Chemist: 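Dropping the structure in here first, questions after.
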Amino acid sequence: MIPAHGAVDRTGRWLALGGLVLAALIMMAPMLWMLGLSLKPNVELLRDTNSVFRAPWTLQNYADILGGSGVFRWLINSAIVALATTLGVLILSSLAGYGFARLKFPGRNIIFILVLFGLAIPEQSVIITRHQMLSWLDLHNSYPALILPGLAAPFGVFLMTQYFRAIPKELDEAAMLDGASRFRVFWKVLLPLTLPAQATLGIFTFLAAWNDYWWPLISATDSRMFTLTVGIAATQQNFAQTNGLGFLMAQAVFASIPILIVYVIFQKHIVRAAAGAAVR
């Protein structure tokens, strides 16, 4: 009976593995199609897009990007916006989380509830007000306009508050008895203990800022301030017929490389972040 059970277990594992491979291939199919199109001459694609996986192939579409495309400018804009937003969210959420978890001040609970209400308010409901505010400040088509709205992160405040509350208060008291100031306790004692939460928050914030399309589309009307998502969409709408489908797909592949690098480098942290978010 034991060998039979062992054979059943092995069969189940192979079936599960086969199912995962099949699901992965299905999910990768659009990316493989995009890569194939990017390597095809535009003349060939005008004749038949089904010729994507047979010769001839070319790297001319990527050479055209290096020659005069705006993708590099859009790439820099996306990097600046995503990195600045991530850094700002981590700083503000950590400070706010520490304040809600450790400090006592009038209206603390009410303010925290108001912050949590932000989780239930869709971005689209405040887009007109946000646009009017930044128009009044004359900030559109600038980095502050693309970065500042992303700093409002109710989820980040909630996450950091919960992590700080889980840390025993005896650590604060022991550090203060040794003469440490409150800020030193926050910076040297408590903040290093919240690195798992910061990794989770930082990864999700960076990916959200990098892939954001809705707000940059509204705020950035100057092509020099386009992010990658807006720039590639503008290329597809305005120049796809002129430059060709292969060139458009080459831009999309090129734009995907930075985020792919982030996934490869931080894949363990991303899995942990996703698992932690699922548990919570």
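Every value quoted in this text rests on a predicted model; they were computed, and no experiment measured them.
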Chemist: Spell out, yes or no, whether L59 and L248 are grouped together once hydrophobic residues are joined by side-chain heavy atoms under 4.5 Å, including indirect joins.
Modeler: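 Both belong to a single hydrophobic cluster.
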Chemist: Under 3.5 Å, is there a donor-acceptor pair between the side chain of S219 and the main chain of W215?
Modeler: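 The answer is no, because no donor-acceptor pair under 3.5 Å joins these two groups.
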Chemist: If two hydrophobic side chains count as joined below 4.5 Å and joins carry through other members, does M133 share a cluster with L148?
Modeler: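 In one cluster: no.
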Chemist: Mind checking whether I261 and L207 sit in one hydrophobic cluster, side chains of I, L, V, M, F, W, Y counted as touching below 4.5 Å?
Modeler: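 Yes.
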Chemist: For the residue pair T58 and L39, establish whether any side-chain heavy-atom pair is separated by less than 4.5 Å.
Modeler: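 SC-SC contact between T58 and L39 ruled out.
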Chemist: Check for me, please, whether F155 and L195 land in the same ILVMFWY cluster - side-chain distances under 4.5 Å, paths through other members count.
Modeler: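 Not linked; separate clusters.
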Chemist: Contact between T11 and L15 at the side-chain level, heavy atoms closer than 4.5 Å - yes or no?
Modeler: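 Touching, per the 4.5 Å side-chain cut-off.
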Chemist: If we only count heavy atoms from C-beta on, is the T85 to L146 side-chain gap below 4.5 Å?
Modeler: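 In short, these two side chains do not touch, never coming nearer than 4.5 Å.
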Chemist: Would you please name every residue forming a side-chain contact (heavy atoms from CB on, under 4.5 Å) with L217, sequence neighbours left out?
Modeler: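 In terms of side-chain contact (heavy atoms from CB on, under 4.5 Å), with neighbours along the sequence ignored, L217 is linked to Y213, V230.
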Chemist: What pairs meet the side-chain hydrogen bond (donor to acceptor under 3.5 Å, both in side chains) rule with one or both residues in residues 21-40, with sequence neighbours excluded?
Modeler: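 Checked against side-chain hydrogen bond (donor to acceptor under 3.5 Å, both in side chains) - neighbours excluded - the pairs reaching residues 21-40 are S38-Y62.
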Chemist: Within the structure provided, determine whether N61 and M249 are in side-chain contact (heavy-atom separation under 4.5 Å).
Modeler: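 Counting from C-beta outward, N61 and M249 never come under 4.5 Å.
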Chemist: Can you sort out the partners of A252 under side-chain contact (heavy atoms from CB on, under 4.5 Å), two or more places apart, ordered by chain and number?
Modeler: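 Checked A252 against side-chain contact (heavy atoms from CB on, under 4.5 Å); matches are M34.
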Chemist: Minimum heavy-atom separation for G97 and T161, please, with both atom names.
Modeler: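 For G97 and T161, the tightest heavy-atom pair comes out as CA-OG1, 3.3 Å.
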Chemist: Side-chain contact, heavy-atom cut-off 4.5 Å: Y143 with N77?
Modeler: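 Touching, per the 4.5 Å side-chain cut-off.
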Chemist: Could you measure the distance from the OG1 atom of T229 to the CH2 atom of W214? Nearest 0.5 Å is fine.
Modeler: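 Going from the OG1 atom of T229 to the CH2 atom of W214 covers 13.0 Å.
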Chemist: Suppose we screen for salt bridge (Lys or Arg N to Asp or Glu O under 4.0 Å). Which residues come up paired with E123, at least two apart in sequence or across chains?
Modeler: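 Counting only residues at least two positions away or on another chain, E123 forms a salt bridge (Lys or Arg N to Asp or Glu O under 4.0 Å) with R130.
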Chemist: Extract all donor-acceptor atom pairs below 3.5 Å that involve side chains of residues 113-122 and protein atoms in other chains or at least two apart in sequence.
Modeler:
none

Chemist: Is there a path of hydrophobic side-chain contacts, each under 4.5 Å between heavy atoms, that joins L83 and F72?
Modeler: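 Same hydrophobic cluster.
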Chemist: One pair to check against side chain to side chain contact (heavy atoms under 4.5 Å, CB included): I232 and F226. What are the steps and the verdict?
Modeler: CA-CA 9 Å; I232 292 177; F226 283 175; over 6 Å; no
Chemist: Nearest 0.5 Å please: distance from the CD1 atom of I91 over to the CG atom of L191.
Modeler: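 So the CD1 of I91 and the CG of L191 are separated by 10.0 Å.
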Chemist: Using modelled atom types and a 3.5 Å cut-off, is there a donor and acceptor pairing between side-chain atoms of W74 and backbone atoms of S223?
Modeler: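 Yes; at least one donor-acceptor contact below 3.5 Å.
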Chemist: Taking only residues two or more places apart in sequence, or in another chain, which ones meet D212 in a side chain to side chain donor-acceptor pair (under 3.5 Å)?
Modeler: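 D212 satisfies side chain to side chain donor-acceptor pair (under 3.5 Å) with no other residue.
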Chemist: Residues two or more places apart in sequence or in another chain: which of them pass side-chain contact (heavy atoms from CB on, under 4.5 Å) with L75?
Modeler: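 L75 satisfies side-chain contact (heavy atoms from CB on, under 4.5 Å) with W210, L228, F254, P258 once adjacent residues are dropped.
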Chemist: According to the side-chain hydrogen bond (donor to acceptor under 3.5 Å, both in side chains) rule, which pairs have a member within residues 175-192, sequence neighbours left out?
Modeler: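 Found Y98-R182.
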Chemist: What is the distance from atom CZ of R165 to atom CE of M160, rounded to the nearest 0.5 Å?
Modeler: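 Spacing of CZ (R165) from CE (M160) equals 13.0 Å.
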Chemist: Identify the heavy atoms of V189 and A175 that sit nearest to each other, and give their distance.
Modeler: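 Of all heavy-atom pairs spanning V189 and A175, the closest is CG2-CB, 4.1 Å.
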Chemist: Looking at residues at least two apart in the chain, or sitting in another chain, which of them share a side chain to side chain donor-acceptor pair (under 3.5 Å) with D222?
Modeler: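 Testing D222 for side chain to side chain donor-acceptor pair (under 3.5 Å), a comparison that skips the adjacent residues, returns R224.
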Chemist: How would you list, by chain and number, every residue that makes a side-chain contact (heavy atoms from CB on, under 4.5 Å) with S135, sequence neighbours excluded?
Modeler: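 So S135 forms a side-chain contact (heavy atoms from CB on, under 4.5 Å) with H131, H140.
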Chemist: Could you tell me whether L17 atom CG has more than 12 heavy atoms of other residues or ligands within 6.0 Å of it?
Modeler: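 Counting other residues, nucleotides and ligands, CG of L17 exceeds 12 neighbours.
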Chemist: Output yes when a side-chain donor or acceptor of R73 lies under 3.5 Å from a complementary backbone atom of M225, and no otherwise.
Modeler: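 No; judged by distance alone, with no hydrogens or angles, the pair does not exist.
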Chemist: For L103, does the CG atom sit with more than 12 other heavy atoms under 6.0 Å from it, leaving out its own atoms?
Modeler: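 Enclosed.
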Chemist: Hey, are the side chains of D172 and L190 touching, using non-hydrogen atoms and a 4.5 Å cut-off?
Modeler: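 When only atoms from C-beta onward are counted, L190 and D172 do touch, with a gap below 4.5 Å.
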Chemist: Under 4.5 Å between any side-chain heavy atoms of F100 and N109, yes or no?
Modeler: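 Sidechains of N109 and F100: no contact.
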Chemist: Could you state the interatomic distance from CD1 (I80) to OG1 (T227), rounded to the nearest 0.5 Å?
Modeler: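 Output value for this atom pair is 12.0 Å.
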Chemist: Strictly by side-chain hydrogen bond (donor to acceptor under 3.5 Å, both in side chains), give each pair with a member in residues 86-95 just once, sequence neighbours left out.
Modeler: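 Listed once each, the pairs would be none.
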Chemist: As an exercise, state the distance from CZ of F206 to CG of L201, rounded to the nearest 0.5 Å.
Modeler: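 Rounded to the nearest 0.5 Å, the CZ-CG separation comes out at 13.5 Å.
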Chemist: With side chains defined as the heavy atoms from C-beta onward, is the minimum distance between Y163 and F158 less than 4.5 Å?
Modeler: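 Contact flag for Y163/F158 side chains = no.
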Chemist: List the residues meeting side chain to side chain donor-acceptor pair (under 3.5 Å) with N141, not counting sequence neighbours, and say none if there are none.
Modeler: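 Counting only residues at least two positions away or on another chain, N141 forms a side chain to side chain donor-acceptor pair (under 3.5 Å) with T221.
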